[in-house]
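Quantities reported herein were computed from a predicted structural model and do not represent experimental measurements. Hydrogens, waters and symmetry mates are skipped; everything else that's a heavy atom, side chains included, is used.
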Amino acid sequence: MHKVIVVGRGLIGSAAGRHLAGLTDGVALLGPDEPKDRATHTGVFASHYDEGRMTRTVDPDPVWAVTAKRSIDRYEEIEAESGIRFFTPSGYLGISGPGSDYLDRSEAAGRPLGAQTGWLDADAIRRRFPFLSVADDTRGLHEGGKAGHLSPRAMVAAQCTAAQKRGATIIADEAAAIRPVPGGVEVETAAGAVHRAERVLVAAGAFTGAWGLSPVDLKLRVFGRTVTLARIEGDLIEELAAMPTMGHAESGAYILPPIRYPDGHLYLKIGIGSTDDADLRNRDDFARWFKSSGSADNRRDFQDVLTTLIPGLAHASHWHTDTCAVAWTATGYPHIDWVEDGRVAVAVGGNGKGAKSADDWGWLAARLVAGEDWDHPVSRDKLRLPAKG
């Protein structure tokens, strides 16, 4: 019998597993490996099967800023412990036109945390990043230091490897049901195995509700999001070599610089929240979405945003789309709380920007489940489930 089973080997779950394994023995991390072929896969999917997520301290919300800072400060430790590199310090550039205070609020939240920031006007943006085409009234907020991008696929592998080195067990299976039983909790898997533990932490992200893994309704809203990728070849490789991760305030886009994917090619990626995002409510919705190529309209619109901002991409010969899912909570923060009388807890809800803060959300979830003091700048009340009523 395990002391704790963490259900979900994504960004938050794997982080919680590593931290828990440093606090107690008897920890198991349960979740499937990445499917070899999405088209024929019949089980659960995940959104971390990718190579690029933006990471930086600056954020208009101080809660996300401080958790990102604390997570980023542990990247080196995780890489050293696991032997797996997942972080690239490429820097971050947020750009905005007049009338938006997004960058001002981001800088104000990051400054007290020691973020290495500087303001750029349009001419300074063009000089520093000559591949960008920006209007004369554009301004930018640049963060150096430890801002950049991470590979979510590699970060999960690093967290799981480090957790194993600390004594955790990996169970490469999909949770089918979670049942409180006398003396603990049972987790039944898709393969038919039953694992028992004193406590269970559910960190299954967007899939928690549709798979019935929480005994209470977390009221998550889950949307399928399309991302668009441009293959970077030839002269574009050198032209974009110094590109930072980028945030585009007007469109809400996040843009990743050229990153090498498993097929050996470099891809530049853009993602934008859209009113066209698919509303995912059940297992069939998830299966259809993750086996699709996403929204063709999104691809066209996102490609237009990219080629306007980076004219050189008009010469990119290959574009394609991919799919992921985003889980939104009512609070705008992850729910990290007990949902079943001290036996089942949840750490769920990345709200579209969970990657950069994932290690700290996992740290908090581990502390909760292990019965340790909260001891964190963010009040526990901010991460509790909303009161019923």
Side-chain angles (χ1 to χ4, degrees), residues 52-73 89-150 225 242-257 269-275 302 305-306 308-310 326 328-334 349-358 360-361 376-379 382-383:
R53 292 288 189 279
M54 183 187 307
T55 184
R56 80 281 185 196
T57 297
V58 295
D59 190 283
D61 187 325
V63 169
W64 283 99
V66 71
T67 52
K69 164 67 173 173
R70 288 166 56 91
S71 295
I72 292 167
D73 284 348
S90 63
Y92 162 79
L93 176 67
I95 60 174
S96 175
S100 170
D101 66 350
Y102 181 91
L103 297 183
D104 300 276
R105 290 185 290 121
S106 297
E107 194 273 341
R111 187 186 335 110
L113 300 173
Q116 299 178 24
T117 59
W119 291 100
L120 303 173
D121 62 16
D123 286 339
I125 292 172
R126 295 173 188 133
R127 287 194 300 271
R128 187 161 183 174
F129 306 109
F131 51 85
L132 293 177
S133 175
V134 296
D136 291 341
D137 57 2
T138 301
R139 61 177 185 149
L141 176 66
H142 182 263
E143 180 182 351
K146 294 182 178 180
H149 58 88
L150 59 84
R225 180 168 288 180
M243 182 177 172
T245 60
M246 294 185 62
H248 190 260
E250 276 70 33
S251 66
Y254 67 90
I255 304 169
L256 278 299
K269 184 179 77 170
I270 181 172
I272 306 176
S274 168
T275 56
F302 299 174
V305 170
L306 273 180
T308 299
L309 182 64
I310 307 174
V326 177
W328 297 91
T329 66
T331 63
Y333 306 122
N351 291 276
K353 55 181 180 180
K356 67 180 185 295
S357 296
D360 213 37
W361 298 135
H376 193 278
V378 177
S379 164
K382 285 188 177 294
L383 307 182

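- Taking each heavy atom of R56 and A147 in turn, the nearest pair found is CB-CB, 3.8 Å.
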Problem set entry | Residues K356, L150; criterion side-chain contact (heavy atoms from CB on, under 4.5 Å); working and verdict | CA-CA 8 Å; K356 67 180 185 295; L150 59 84; 5.6 Å; no
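- Remark: the backbone N or O of D61 is paired with a side-chain donor or acceptor of D59 at under 3.5 angstrom.
- To the nearest 0.5 Å, the span separating CD1 on I270 from NE2 on H248 amounts to 8.0 Å.
- Between L103 and W119, some side-chain heavy-atom pair lies under the 4.5 Å cut-off.
- Panel note: side chain T245, backbone G91; a donor-acceptor pair is recorded below 3.5 Å.
- For S357 (side chain) and G354 (main-chain N/O), no donor-acceptor pair under 3.5 Å exists by modelled atom type.
- Distance check, rounded to the nearest 0.5 Å: OG1 of T138 to CG of L309 gives 9.0 Å.
- K269 is not listed as a side-chain neighbour of M54, based on a closest heavy-atom distance of 4.5 Å or more.
- Judged purely by atom type and a 3.5 angstrom limit, S90 has no side-chain atom pairing as donor or acceptor with the backbone of G148.
- Atom-to-atom distance recorded for Y92:OH and H149:NE2 is 14.5 Å, nearest 0.5 angstrom.
- The side-chain heavy atoms of N351 and V326, taken from C-beta on, include no pair separated by under 4.5 Å.
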For this session: Could you walk me through whether R139 and D104 pass the side-chain contact (heavy atoms from CB on, under 4.5 Å) test, one step at a time?
Result: CA-CA 11 Å; R139 61 177 185 149; D104 300 276; 2.2 Å; yes
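- In this view, D137 satisfies the salt bridge (Lys or Arg N to Asp or Glu O under 4.0 Å) rule with no residue, not counting sequence neighbours.
- Contact record, F131 with P244: CZ-CD, 4.2 Å, taken as the closest heavy-atom pair.
- Proximity of H376 to T67: side-chain heavy atoms (C-beta onward) are separated by under 4.5 Å at one or more points.
- Put simply, OG on S133 and CD1 on I125 are 11.0 Å apart, with the number rounded to the nearest 0.5 Å.
- Using a 4.5 Å heavy-atom threshold, the side chains of V134 and F129 count as separate.
- Taking both residues in full, the closest heavy atoms of Y102 and P60 are given as CE1-CG, 3.4 Å, listed atom of the first, atom of the second, then distance.
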For this session: Show the numbers, then the answer: is there a side-chain contact (heavy atoms from CB on, under 4.5 Å) between R126 and D136?
Result: CA-CA 10 Å; R126 295 173 188 133; D136 291 341; 2.6 Å; yes
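- Contact of the P334 side chain with the W361 side chain is registered, since non-hydrogen atoms from C-beta on lie closer than 4.5 Å.
- Listed for the E107 side chain is no donor-acceptor partner under 3.5 Å among the backbone atoms of T117.
- Closest approach of K382 and Y333 over heavy atoms only: O-CD1, 3.7 Å.
- Distance check, rounded to the nearest 0.5 Å: CD of Q116 to CZ of R111 gives 14.5 Å.
- For the atom pair L256 CG and M243 CE, the distance stands at 8.0 Å (nearest 0.5 Å).
- With hydrogens and angles disregarded, a donor-acceptor distance shorter than 3.5 Å links the side chain of E143 to the backbone of T57.
- Closest heavy-atom contact between R225 and Y254: NH1-CE2, 4.5 Å.
- Side-chain atoms of S71 come within 3.5 Å of backbone N or O of D360 as a donor-acceptor pair.
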